[in-house]
Protein chains: 2
Amino acid sequence: MVKKKKDLPAEERILDAAKKVFLEKGMAGARMQDIANEAGINKALLHYYYRDKEKLFELVFMSESQKFFPKINRIFESDETLEKKFHEFVEEYVNELRLNPYLPWFVLNEINRDPDGFLLKIMTGENRPRPMKFLQQIEKEIKLGNIRKVDPRHILLNLLSMTLFPFIAQPMVSRILGMGNKEFEQLMEERKKTVPAVMMDSIRKKVQ
Amino acid sequence: MVKKKKDLPAEERILDAAKKVFLEKGMAGARMQDIANEAGINKALLHYYYRDKEKLFELVFMSESQKFFPKINRIFESDETLEKKFHEFVEEYVNELRLNPYLPWFVLNEINRDPDGFLLKIMTGENRPRPMKFLQQIEKEIKLGNIRKVDPRHILLNLLSMTLFPFIAQPMVSRILGMGNKEFEQLMEERKKTVPAVMMDSIRKKVQ
DNA sequence: ATCTTTGTTAACCATTTGGTTAAACTATAT
DNA sequence: ATATAGTTTAACCAAATGGTTAACAAAGAT
């Protein structure tokens, strides 16, 4: 029998536990005791390795939110076609979010909790979202007459919305549509095709 | 000079205050003292009018979430064309959410906090979302050959996503795009046109 | 006037919660 | 073996927080 957790050093078990608890309950809802229990250690040990709740949360949040943001840049700042970018974006995020469904909710929740404090940290680092190149690419394609004349910001919003929202709203969506977990995953898998298709239809020039 | 709040009876001021605080901070983050301060009364008076935090929250949550859900049904179960429904849906939600931008985040947050407890209440009442007629309408249009063959669930998801997500993610979106409040509102106003357009483009048959 | 009901408050209480301390345990080096 | 440094715990503490109480004020009712 393989001990799942006991064999990891306490310091790591704490971090894993903190991730789990913070992701599920958010900063305000998480209890240090919950984290200690989840890690199978004494509460005092939390403070031995990580000074206090704020620090621990910040650590978890930074590490998690950097799974979330940098993807955007790597894709958006590449030299691919728009169509390729749509596909890559949805593909990568659906894959990531199926493993980590709480992630966007967690990030948004935190941004909501403390819009200035945190965002200034993320938004000034290397990993802040940089949509400029992407937006400019769209404008360029418009000028070249390759796609319809549309506000690039709506394009970006639509892509983000259709990709991220279903995960944020999963519990609601699943109930409304009467789906189980398996069905939901299947539906998200399909999104890898349907979302880029919708995006392309929304910019492709209409045949006269 | 018109006294904004002092002239309302305490019972109502409390409810207003509770709405504000709960919507901003969620159940876990809200403090009874915050609500009392916001209402300009003593903390004990909260418990005089509303038994405890749980009860007060439930009241606020029910009243707010019923602003959120019934719209879906009124629109989706009408006899309008799909195009009209797209327009009405976005129009109404953008209007509502501009007044009440925290609403969707609040609802989703709560669903996340307690997926079973709460949802059973909403989901069994008169106001539970009933997307069936809408989904069937889409299937019918497909059979009639009026629109493309697409999974109706994706249509519904896309509409919900593009309408609601920008509000849920407003703080993030605003920073990423470097917008102030005014600009954000302007952008949302534009969505009333761009979102239904995208929706129609995604189902309209392509010209051969 | 005074009795009763309703509204409001300050002070208080019990529990929860983040955080500390001092002691004990473990391993490693001497 | 024993000294030392790192690890872990039980017990404890102070602040925050939800909730109660008892007294007081305001407003009707008699």
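Per chain, numbering begins at 1; letters A, B, ... match sequence-line order.
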Would you say Arg31(A) places a side-chain N or O within less than 4.0 Å of OP1 or OP2 belonging to dG18(C)?
yes
Measure the distance from CG on Leu45(A) to P on dA10(D) and round it to the nearest whole Å.
11 Å
Tell me whether the OP1 or OP2 atom of dT8(D) has a side-chain N or O from Tyr49(A) closer than 4.0 Å.
yes
Rounded distance (Å) that lies between atom C1' of dT17(D) and atom CG of Leu56(B)
15 Å
Touch class at under 4.0 angstrom, heavy-atom based, for Ala30(B) against every strand present:
sugar-phosphate
Applying salt bridge (Lys or Arg N to Asp or Glu O under 4.0 Å) to Lys140(B) and not counting sequence neighbours gives none
Can you give one letter per nucleotide of nucleotides 19-24 of chain D, going 5' to 3': B for a protein heavy atom under 4.0 Å from the base, S for sugar-phosphate only, - for none?
BBB---
Residue list, side chain to side chain donor-acceptor pair (under 3.5 Å) with Glu58(B), at least two apart or on another chain:
Lys121(B)
Could you pull out the protein-nucleic contacts involving nucleotides 23-28 of chain C (nitrogen or oxygen on both sides, under 3.5 Å)?
none

Just to verify, what does Glu24(A) make a side chain to side chain donor-acceptor pair (under 3.5 Å) with, not counting sequence neighbours?
none
Quick one: salt bridge (Lys or Arg N to Asp or Glu O under 4.0 Å) partners of Asp52(A), sequence neighbours excluded?
none
Figure out the NZ/C1' separation between Lys25(B) and dT17(D), and round it to whole Å.
13 Å
Can you pull the side chain to side chain donor-acceptor pair (under 3.5 Å) pairs that have at least one residue in residues 75-90 of chain B, sequence neighbours excluded?
Glu77(B)-Arg130(B), Asp79(B)-Lys133(B), Lys85(B)-Gln137(B)
Arg13(A)/Asp16(A) ion pair, N-O < 4.0 Å:
no
Under the side chain to side chain donor-acceptor pair (under 3.5 Å) test, which residues partner Arg128(A), sequence neighbours left out?
none
Parallel, tilted or perpendicular: ring planes of Phe22(A) versus Phe57(A), cut at 30 and 60 degrees
perpendicular
Below 3.5 Å, can you tabulate the donor-acceptor pairs from side chains in residues 98-107 of chain A to any protein atom, sequence neighbours excluded?
from      : atom 1 : to        : atom 2 : distance (Å)
Arg98(A)  : NH1    : Glu189(A) : OE1    : 2.3
Asn100(A) : ND2    : Glu96(A)  : OE2    : 3.3

Glu12(B) CD to dG7(C) C1', straight-line distance once rounded to whole Å
15 Å
Looking across every strand, which nucleic acid part, if any, lies under 4.0 Å from Tyr50(A) by heavy atom: base, sugar-phosphate, or nothing?
nothing
Classify Leu46(B) by what it touches in the nucleic acid, base, sugar-phosphate, or nothing, heavy-atom distance under 4.0 Å.
nothing
